[in-house]
Amino acid sequence: MAEGAKEKYVEELVDQSDDFSRWYNQVVRKAELADYAPVRGCMIIRPYGYAIWEHIQRLLDARFKETGVMNAYFPLLIPRSFLEREAKHVEGFAPEVAWVTRGGGEELEEPLAIRPTSETIIGYSFAKWIQSYRDLPLLINLWNNVMRWEKRTVLFLRTAEFLWQEGHTAHRTLEEAEERTRLMLEVYRSFVQEDLAIPVLHGRKSENEKFAGALRTYSLEAMMRDGKALQSATSHNLGHNFAQGFDIQYLDADGQRKYCATTSWGLSTRIIGAIIMVHGDESGLILPPHVAPYQAVVVPIWRKDADQGAIMEAIGRIERMLKGKVRLKVDLSDNTPGWKFNEWELRGVPVRIEIGPRDVQNNSVVLVRRDNRAKETVAIDALETRLPELLEEVQQALFQRALAFREEHTYYAETYDEFKEIMSEKRGFVRVKWAEDSEAELAIKEETKATLRVIPFDQPEGGVQGRCFYTGKPATCEAVFARSY
RNA sequence: CGGGGUGUGGCGCAGUGGGUAGCGCGCAUGGUUUGGGACCAUGAGGUCCGCGGUUCAAAUCCGCGCACCCCGACCA
């Protein structure tokens with residue numbers, strides 16, 4: 001180690017504070033989450049990264065189904081004419097759509113869009129499926145891929161093709177659609193906080209920031225460790241916009257034909273970027289136990305070959321005991337224990353189980369938490385109860401730590417001068433009194449690069465008193481601004 | 001798409017007054033090791049991002065592409 005360098009376990013990783021984006025890229029590659037593809041802007045998700053996505057799918061899918069949603073599959077290709085039926089929608093997505101213009105060696109009569117999202121083709125089907133108010137609500141979800149020809153791409157955060165789920169629902173009334181929109185945001189909020197240990201602000205997007213074609217957009221906003229915001233999930237109340245574009249009508253009990261109100265909501269592989277940037281530290285990834293591919297890694301340690309038999313026997317017992325209870329990785333590679341410690345810390349395994357001659361002799365193991373490196377000695381027989389408990393402690397601790405970080409980096413600004421000072425010197429979230437005004441929002445973005453992330457549901461009791469920090473008009477709400485990904 | 005930067009074994013880099021490519025890590029084999037990235041020996045691995053040009057000769061000079069990174073505009 002270099003003279004004077006502070007002690008670090010992983011030397012080949014840059015410090016987060018020195019160069020956050022470099023740190024991020026290094027972690028993604030070294031932890032073997034993802035790799036670059038031969039096509040610009042596309043990403044290869046490696047098995048270790050994909051395993052995280054599979055856990056996200058499993059946990060989130062169960063939450064969707066509890067609310068009555070069923071999964072379906074819709075095609076990748078969408079006729080051009082479909083995209084054009086909702087004016088705001090085309091305007092919003094046109095610049096980033098990829099097109100298929102040839103097939104079977106011949107020019108196609110109508111170019112086909114590679115879906116940037118599926119509202120339009122869903123609208124086409126919903127119109128056919130829905131006849132009566134008795135067919136409502138219609139609640140479906142798609143686990144699929146979409147493509148958006150982004151100018152500037154970053155692994156997980158913004159790639160030309162990405163994986164996500166997109167939910168689509170149709171309802172009898174606007175009120176019911178609004179209720180569903182809010183319900184799904186709440187599903188996301190509880191999932192992201194409980195399973196990913198990421199604290200989020202939840203609330204409404206401004207007119208400028210809402211989805212192309214939506215009446216209202218709600219979102220979750222999380223703070224990354226560099227103080228920037230990441231939109232982590234969105235839920236849109238589409239009102240009658242798509243129903244009118246696609247003629248989604250039903251015959252109501254009163255004998256009137258009426259337009260449905262629809263919603264859509266999504267969460268993408270981008271959330272893996274959030275996990276990395278919310279929990280990661282100077283040694284690499286820290287994965288929340290609920291979605292970690294391996295929840296614990298066993299590192300055997302022996303001094304002489306004679307030790308091996310007893311250690312392997314104990315490991316066998318541990319494996320049998322934890323089967324089906326804890327996702328376990330046993331690292332029997334030839335690397336030294338020190339190497340394995342660093343490797344699995346870099347890859348974010350929440351708990352390490354060390355087992356050497358001393359431990360075998362005492363019929364115990366040493367458990368080491370990834371988040372704070374606290375060690376404890378546990379009897380092998382007690383692992384079955386202690387390890388799941390410890391994993392839950394880590395899960396909670398990660399959430400609390402991230403929450404504390406967000407609180408420390410959340411500021412209140414009374415005046416625009418204060419606001420500018422905070423944005424230029426500290427980053428983080430800035431909460432202000434706000435009189436909704438799109439022009440002012442754009443001006444603020446122009447000058448400070450901060451955007452209105454969300455108008456939180458969490459507002460002062462009895463309404464907001466005072467004036468907007470920017471325009472001086474009577475404030476109507478509190479809003480949170482930040483620089484974002 | 002605008003501004004800046006980078007592209008050389010798997011990874012990190014060196015190499016430019018043009019002269020047939022090198023280091024560290026990793027990898028393979030054998031041996032000794034193993035409680036915070038072990039050591040010795042032997043060995044494999046490169047159309048120097050691509051295409052074109054200048055030249056007796058190009059990783060090096062010129063042109064055109066492509067990819068990635070950073071900063072903008074756009075966005076899950």
Side-chain angles (χ1 to χ4, degrees), chain A residues 1 7-14 19-22 24-26 29-30 32 35-43 91-97 116-117 145-166 188 205 208-209 211-212 217 219-222 229-236 264-274 283-284 299-305 307-308 311 331-346 352-360 365-366 368 373 375 377 442 445-446 449 451 483-485:
Chain A
M1 190 168 296
E7 191 185 350
K8 303 172 50 167
Y9 291 104
V10 180
E11 297 190 44
E12 59 264 40
L13 200 59
V14 298
D19 188 340
F20 194 80
S21 23
R22 197 170 148 81
Y24 176 81
N25 277 307
Q26 286 186 341
R29 308 285 301 279
K30 288 176 191 286
E32 298 181 2
D35 217 337
Y36 294 106
V39 177
R40 196 199 74 85
C42 293
M43 168 174 65
E91 194 186 314
F93 281 104
E96 52 189 27
V97 172
T117 179
N145 58 339
V146 289
M147 179 157 263
R148 299 179 186 178
W149 215 256
E150 299 289 349
K151 304 292 185 191
R152 185 179 161 199
T153 59
V154 182
L155 291 173
F156 287 115
L157 298 183
R158 201 182 309 100
T159 45
E161 179 190 2
F162 59 89
L163 303 182
W164 73 348
Q165 58 66 219
E166 45 175 322
Y188 288 134
K205 283 291 195 184
N208 284 341
E209 300 278 336
F211 177 75
T217 289
S219 81
L220 300 183
E221 298 289 327
L230 186 75
Q231 178 172 304
S232 304
T234 49
S235 187
H236 315 291
S264 68
W265 22 277
L267 175 142
S268 74
T269 38
R270 164 179 258 203
I271 201 74
I272 295 174
S283 298
V299 178
I301 299 157
W302 43 70
R303 289 184 175 286
K304 17 185 207 305
D305 287 352
D307 297 335
Q308 257 188 65
I311 291 171
D331 187 349
L332 295 177
S333 69
D334 290 337
N335 298 307
T336 60
W339 192 93
K340 292 174 186 175
F341 295 169
N342 286 305
E343 175 71 5
W344 293 110
E345 283 181 4
L346 172 65
R352 176 171 75 236
I353 303 174
E354 300 179 4
I355 177 160
R358 283 205 305 261
D359 308 298
V360 168
V365 295
V366 177
V368 187
R373 291 204 178 81
K375 293 192 179 188
T377 303
L442 290 171
K445 180 179 181 179
E446 180 73 24
K449 293 172 190 157
T451 50
R483 289 185 66 168
S484 77
Y485 276 97

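Throughout, a chain's letter reflects where its sequence line sits, starting with A, and its residues are numbered from 1.
Using atom P as the reference point in both U54(B) and A14(B), the two lie 31 Å apart (nearest Å). Comparing G5(B) with G22(B), their C1' atoms are spaced 25 Å from each other, to the whole Å. C75(B) and G15(B) have their C1' atoms separated by 42 Å, given to the nearest Å. Distance check on atom P: C70(B) versus A28(B) gives 32 Å, rounded to whole Å. Remark: the separation of the P atoms in G9(B) and U47(B) is 10 Å, to the nearest Å. For A44(B) and G36(B), the P atoms lie 36 Å apart once the distance is rounded to whole Å. Separation of the C1' atoms belonging to G50(B) and U8(B) is 14 Å when rounded to the nearest angstrom. Using atom P as the reference point in both C39(B) and G24(B), the two lie 13 Å apart (nearest Å).
Residue contacts shown for Arg358(A) include a base, since a base heavy atom lies under 4.0 Å away. Counting any heavy atom pair closer than 4.0 Å across all strands shown, Pro357(A) reaches a base atom. Gly273(A) comes within 4.0 angstrom of nothing in the nucleic acid, heavy atoms only.
Within the 4.0 Å cut-off from OP1 or OP2 of C70(B), at least one side-chain nitrogen or oxygen of Asn25(A) is found. Contact between the side-chain N/O atoms of Arg152(A) and the OP1/OP2 oxygens of C71(B) is found at a separation under 4.0 Å. Residue Tyr36(A) places at least one side-chain N or O under 4.0 Å from the OP1 or OP2 atom of C69(B). Residue Lys445(A) has a polar side-chain atom (N or O) positioned under 4.0 Å from OP1 or OP2 of C74(B). For Thr234(A), no side-chain nitrogen or oxygen approaches OP1 or OP2 of A76(B) to under 4.0 Å.
Residue Asp35(A) contributes atom CG, which lies 11 Å from atom C1' of G10(B) at whole-angstrom precision. Taking atom CZ of residue Phe211(A) and atom C1' of nucleotide A76(B), one finds them 10 Å apart after rounding to whole Å. For the pair Leu157(A) CG and C70(B) C1', the computed distance is 15 Å after rounding to whole Å. Computed from coordinates, the Trp149(A) CH2 to A73(B) P distance equals 23 Å when rounded to whole Å. Nucleotide U34(B) holds its P atom 18 Å from the CG atom of Asn342(A), rounded to whole Å. Distance, Lys151(A) NZ to C69(B) P: 16 Å, rounded to whole Å. Between Asn335(A) atom CG and C27(B) atom C1' the separation is 12 Å, expressed in whole Å. Between Leu346(A) atom CG and C11(B) atom P the separation is 16 Å, expressed in whole Å.
A donor-acceptor contact under 3.5 Å links the side chain of Arg158(A) to the base of C75(B). For Arg352(A) against G36(B), a side-chain-to-base donor-acceptor contact under 3.5 Å is present.
Checking A38(B), G35(B), A67(B) against every side-chain atom of Thr336(A), the shortest atom distance belongs to A38(B). Distances from the side chain of Lys449(A) to the nucleotides G72(B), A76(B), G36(B) place G72(B) closest. In this structure, the nucleotide among A76(B), G36(B), A73(B) sitting nearest to the side chain of Gln231(A) is A76(B). Of the candidate nucleotides C71(B), C1(B), A76(B), C71(B) has the atom nearest to the side chain of Arg483(A). Residue Phe341(A) places its side chain closer to G36(B) than to any other of A76(B), U34(B), G36(B). Closest contact between the side chain of Arg148(A) and the listed nucleotides U34(B), G36(B), C75(B) involves C75(B).
Contact check for Asn208(A) versus Lys445(A): no side-chain heavy atoms found under the 4.5 Å cut-off.
Minimum interatomic distance between Leu346(A) and Lys30(A) (heavy atoms only, all atoms of both residues): CD2-CB, 3.6 Å. Heavy atoms only, all atoms of each residue included: Tyr188(A) and Trp265(A) are closest at OH-C, 3.2 Å. The shortest heavy-atom contact between Lys340(A) and Asp331(A) is NZ-O, 3.0 Å.
In terms of modelled atom types and a separation under 3.5 Å, the side chain of Thr269(A) and the main chain of Phe162(A) share no donor-acceptor contact.
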Requested in this report: Could you walk me through whether Gln26(A) and Val14(A) pass side chain to side chain contact (heavy atoms under 4.5 Å, CB included), step by step?
Outcome: CA-CA 8 Å; Gln26(A) 286 186 341; Val14(A) 298; 3.7 Å; yes
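Residue-nucleotide stacking is not present for Trp164(A) and A76(B), judged by a side-chain ring centre under 5.5 Å from the six-membered base ring centre and planes under 30° apart.
By the 30° and 60° cut-offs, the orientation of the rings of His236(A) relative to Phe211(A) is parallel.
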